[in-house]
Amino acid sequence: MPDRRFTAVTTVLTGLLLIGSAATAHAHGDTIHLTVTGVSGGHPVTKATWEDDGHPVNEKVAGTLTATSADGTSVGPWRFVPVAGEPGTFTTAEALPAGRWTITAQTAFPALGRAESQAEVAPASVAPSPAAPAAATPRAAAPRTESDGGPGVGTPLAIGGAALFVAIGGFATLRVRRRRNRPS
């Protein structure tokens, strides 16, 4: 009978380990809330937060931006470019020409999101160079902390769970070997 109890406990612990890690993957929810916050130097700026908890989206985001002017001219789709030092903030490498624009931002990964906003781009605010804005220039990433979506409680918990699983496997192997070496 001890073998059945041991097998049952091992199975339950393994199940809890797998279920626990799956539950933390969807802690933020499954929808991104997008807000077009304005235009900087002709480049639209979009803020992405998780719908359920309002935390910034720190993961890689597959998002695009399109814009339609008052006279019907359309531009885009342009890919999102992360703004360095501002978690969950994105811009585009391309700048909008001067005028009034209806801007549509959409994401497909890590979750769906959509926003539409009106923006006025002044002729003086449009950057003369077609180069990407300085804010979008990639910099060395700072170490991520739990508060910005980096490794937190889940990582040590997963490592501890894996260590426990290995220890249980070692204990089971030891029991089997002792049982085989027992005189009959």
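Heavy atoms only: backbone and side chains are in, while hydrogens, waters and symmetry mates are out. If you read the sequence from its start, that first residue is 1, and numbering goes on from there.
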OG1-NE2 distance between Thr92 and His43, expressed to the nearest 0.5 angstrom: 6.5 Å
Heavy-atom pair of closest approach, residues Pro87 and Asn58: CB-OD1, 3.2 Å
Over all atoms of both residues, closest heavy-atom pair of Ala122 and Ala98: C-CB, 4.1 Å
Distance-minimising heavy-atom pair for Pro44 and Gly42: CD-O, 3.5 Å
From CA spacing to verdict: side-chain contact (heavy atoms from CB on, under 4.5 Å), Thr64, Phe80: CA-CA 6 Å; Thr64 60; Phe80 279 178; 5.9 Å; no
Side chains of Trp50 and Ile32 in contact at under 4.5 Å (non-hydrogen atoms): yes
Atom of Pro82, atom of Phe90 and distance for their closest heavy-atom approach: CA-CD2, 3.6 Å
hydrophobic_cluster_shared for Val45 and Trp78, side chain cutoff 4.5 Å: no
Residues, nucleotides or ligands: over 12 heavy atoms within 6.0 Å of Arg100 CZ: yes
Side chain Thr68, main chain Gly72, donor-acceptor under 3.5 Å: no
Close side-chain approach of Val121 and Pro97, heavy atoms under 4.5 Å: no
Residue pair Trp101 / Val39, side-chain heavy-atom distance below 4.5 Å: no
From Ile103 atom CD1 to Thr66 atom OG1, the distance as rounded to the nearest 0.5 Å: 9.0 Å
No-hydrogen, no-angle side-chain donor-acceptor test under 3.5 Å, Thr35 and His33: yes
Side-chain (Thr73) to main-chain (Ser69) donor-acceptor, under 3.5 angstrom: no
Heavy-atom check, side chain of Glu116 versus side chain of Thr102, under 4.5 Å: yes
Pairs under 3.5 angstrom only: tabulate donor-acceptor contacts from the side chains of residues 106-114 to other protein residues two or more places apart or in another chain.
| residue | atom | partner | partner atom | Å |
| --- | --- | --- | --- | --- |
| Thr107 | OG1 | Ala111 | O | 3.0 |
| Thr107 | OG1 | Gly113 | N | 2.9 |

Beyond-backbone contact of Leu65 with Thr104, side-chain heavy atoms, under 4.5 angstrom: no
Side chains of Leu96 and Val75 in contact at under 4.5 Å (non-hydrogen atoms): yes
